[in-house]
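Computed over heavy atoms, backbone and side chain alike; hydrogens, waters and symmetry mates excluded. A quick note: this is a predicted structure, and the numbers were derived from the prediction, not measured.
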Amino acid sequence: MMGKSSWMVKTFFKMKPGVAGKFIKGMLGAKKYYRSIGAAVVNMKDLVRCMCCPDMCKFECPSLRVTRKEMYAPATKARIAYHIERGDLDPANPHTAEIPYMCTNCNGCKHWCPMDISTGQLLKGVRADLVARDCVSDDLKDFDTRVLENGTTFTKTTFTSRPEFDVRAENPDVFYYMGCVMAEKKPEAVLANMAILKKAGVTFSTLAAERCCCGGPSNTVGFQATTRHLAAKNLALFARSGAKTIVTDCPACADTLRNTYKELGFKHGYMVFTTVEFFKLLIEQGTLKLSKPVNETITYHDPCITARYFDDVTSARAILGKIPGLVLKEPFLTKEETQCCGMGGVSHVHHPEESEAIGKQRYDQLLSTGAKFIVTACPACEQGFMIAAGKDSTRVVDIAELIAAAIE
Ligand code: SF4
Ligand code: SF4
């Protein structure tokens, strides 16, 4: 962290003594004005630090990049959010309340921030405060109702229309928790995950007909009560399954089950793995062997959550490196510097045009490697790239499909 901020420290020490003194006095003197009105979910201390920053992460923000509007730059969003929290701006004005939502929660800002702040994470708290004040768009209210009524971010039939998704085993090794987006948009990857688990001799249950959305999307846009409701239901289901380990095909679900539930006060002792983390372990243990050649050229897109929330840029590459015949071409922006697919932060619900524009930018970057296939390990990224690909959507591949193809 010091490496990122060292230039600021140097700048400060290069100030003339009188200027440095004024700077410190001004910062300390102004501190007392930086107060919220009433109770707030948002972390006000970090919100103030972010809004006072000269926007050093600005170049990375995908929302700013596609809109080209200063009001969507990270520190500007923090400033507007701060004035909403303090009561200077009216959140009942839909133009104001919309601004904290123009963010895909990609954590690109945090990667570059000298203070390790994520504007996106701060805005989650602001959105919870907006929901508490009933200042959210009808699109988001409809989304919340849909999740509560259907138990998925899509329709009631996402899981029930496919009986093959519903697997029940007694005291299984793992609970395979399918993400809503994977089941709805990439069912072939769900089947690939099941085939891999079977091949490795791992017993599993899905209880697909009863499982609910993890609640992560609702939490991201501020509906914490919905997330609490879904967390209680899912944890009861996991307990009933008898499994002690949860494997999920969606990094956002993994983050919710692993971290958000605990942040919202739910204690549990489940080990939560992404499919990539779990399959890497199986390969290391020798229970999963990738011996069949896959003679293709691919590029790999690091999902924001695995690269910048979990700091894991090695597991997927370790797996890809074991597949005979596979050629990996890294994109220019890769690993921790990966760029957003546009689908995070439920953006496709509240800002569909911008969400698709972000996805298209990244899709073009990935294809400029010359690779035939884009491989990733997140159903939301896959959805974003499949929209960008149009009729070429078969070029977008989940890593599970590739692993399944490499098993004899
Ligand atoms: S996230 Fe960090 S670098 Fe970006 S505007 Fe906020 S404080 Fe500044
Ligand atoms: S999380 Fe991503 S979209 Fe949101 S402010 Fe930071 S860089 Fe921009």
| remark: Exactly one candidate in Asn219, Asp144, Thr145 meets side chain to side chain donor-acceptor pair (under 3.5 Å) with Thr226; the answer is Asp144
| said: How long is the straight-line distance from CD1 of Ile99 back to CG of Leu130, given to the nearest 0.5 Å? | reply: 11.0 Å
| query | Hey, are the side chains of Ser218 and His229 touching, using non-hydrogen atoms and a 4.5 Å cut-off? | reply | no
| Does the side chain of Asp88 pick up a donor-acceptor pair with the side chain of Tyr82 at under 3.5 Å? | no
| task | Might you work through the side chain to side chain contact (heavy atoms under 4.5 Å, CB included) test for Val397 and Ile298, ending with a clear yes or no? | result | CA-CA 9 Å; Val397 174; Ile298 62 146; over 6 Å; no
| said: Using modelled atom types and a 3.5 Å cut-off, is there a donor and acceptor pairing between side-chain atoms of Thr104 and backbone atoms of Met343? | reply: no
| field | Check against side chain to side chain contact (heavy atoms under 4.5 Å, CB included), Phe278 and Val202 | value | CA-CA 11 Å; Phe278 195 69; Val202 177; 4.2 Å; yes
| query | If you take all heavy atoms of Ala81 and Leu123, which pair is closest and at what distance? | reply | CB-CD2, 4.1 Å
| So with a 6.0 Å cut-off around NZ of Lys262, is the heavy-atom count from everything else above 12? | yes
| field | N/O donor-acceptor pair under 3.5 Å between Ser315 side chain and Val276 backbone | value | no
| said: Assess, by modelled atom type and distance only, whether the side chains of Gln339 and Gln361 contain a donor and an acceptor separated by less than 3.5 Å. | reply: no
| message | I'd like to know if the side chain of Ser393 reaches the main chain of Ala389, judged simply by a donor and an acceptor atom lying under 3.5 Å from each other, with no hydrogens or angles considered. | response | no
| request: Identify the heavy atoms of Tyr300 and Val375 that sit nearest to each other, and give their distance. | output: CD1-O, 3.2 Å
| Is a side-chain N or O of Arg127 found less than 3.5 angstrom from the main chain of Thr220, in a donor-acceptor match? | yes
| query | Taking the inter-plane angle between the rings of Phe385 and Tyr363 on a 0 to 90° scale, is it parallel (under 30°), tilted (30 to 60°) or perpendicular (over 60°)? | reply | tilted
| said: Is it the case that over 12 heavy atoms from other parts of the model lie below 6.0 angstrom from the NZ atom of Lys372? | reply: no
| request: Please check if the side chain of Ser205 supplies one atom and the backbone of Ala169 the other of a donor-acceptor pair under 3.5 Å. | output: yes
| field | Under 3.5 Å: donor-acceptor pair, side chain of Asp249, backbone of Thr275 | value | no
| note | dist Lys329:NZ -> Thr334:OG1 (nearest 0.5 Å) comes out at 14.0 Å
| message | Can you give me the closest heavy-atom contact between Thr153 and Cys213, atom names plus distance? | response | CG2-SG, 4.0 Å
| task | Please say which of Arg317, Arg362, Lys335 ends up in a salt bridge (charged side-chain N to carboxylate O under 4.0 Å, His left out) with Asp302. | result | Arg317
| task | Using the side chain to side chain contact (heavy atoms under 4.5 Å, CB included) rule, take Ile387 and His348 through it: C-alpha gap first, then chi angles, then the decisive distance, then the call. | result | CA-CA 11 Å; Ile387 293 169; His348 203 239; 3.8 Å; yes
| task | Flag the pair Cys106 / Arg308 as yes when at least one side-chain heavy-atom distance between them is below 4.5 Å, and no otherwise. | result | yes
| message | Under 6.0 Å from the ring centre and within 45 degrees of the ring axis: does the NZ or CZ of Arg211 meet both conditions for the six-membered ring of Tyr177? | response | yes
| said: Between Asp173 (side chain only) and Thr203 (backbone N and O only), is there a donor and an acceptor less than 3.5 Å apart? | reply: yes
| What's the spacing between Phe373 CZ and Thr299 OG1 if we round to 0.5 Å? | 13.0 Å
| Minimal non-hydrogen separation, Phe310 against Thr274, with atom names | CE1-CG2, 4.0 Å
| field | CE (Met271) with more than 12 external heavy atoms under 6.0 Å | value | no
| message | Rounded at 0.5 Å granularity, tell me how far CD in Glu277 sits from CG in Asp312. | response | 6.0 Å
| field | Smallest separation among heavy atoms of Ala243 and Tyr270, with atom names | value | O-CE2, 3.3 Å
| said: Between Lys360 and Glu356 (salt bridge meaning N to carboxylate O under 4.0 Å), is one present in this structure? | reply: no
| field | Point-to-point distance, once rounded to the nearest 0.5 Å, from CG of Asp55 to CG of Leu64 | value | 7.5 Å
| task | Walk me through it: do Ile399 and Phe279 pass the test side chain to side chain contact (heavy atoms under 4.5 Å, CB included)? | result | CA-CA 10 Å; Ile399 194 165; Phe279 294 156; over 6 Å; no
| Of all heavy-atom pairs between Ala183 and Phe159, which one has the smallest distance, and what is that distance? | CB-CE2, 3.4 Å
| task | To the nearest 0.5 Å, tell me how far Leu89 CG sits from Thr96 OG1. | result | 5.5 Å
| Should the pair Glu336-Lys110 be classified as a salt bridge under the 4.0 Å nitrogen-to-oxygen rule? | no
| Do Arg258 and Tyr309 meet the cation-pi criteria used here (NZ or CZ under 6.0 Å from the six-membered ring centre, within 45° of the axis)? | no
| Pair Glu85 + Arg133, salt bridge at N-O below 4.0 Å | yes
| field | Under 3.5 Å donor-acceptor, Asn193 side chain and Ala189 backbone | value | yes
| message | If you count every heavy atom of other residues, nucleotides or ligands that lies below 6.0 Å from Glu284 atom CD, does the total exceed 12? | response | yes
| task | Would you verify whether the NZ or CZ of Arg228 falls within 45 degrees of the ring axis of Phe266 while also being under 6.0 Å from that six-membered ring's centre? | result | no
| Ignoring hydrogens and geometry, is there a side-chain-to-backbone donor-acceptor pair from Thr227 to Gly216 under 3.5 Å? | no
| said: Quick check against the 3.5 Å criterion: does Tyr101 have a side-chain atom that pairs as donor or acceptor with the backbone of Val346? | reply: no
| message | Can you confirm whether the side chains of Thr155 and Asn150 place a donor and an acceptor under 3.5 Å from each other? | response | no
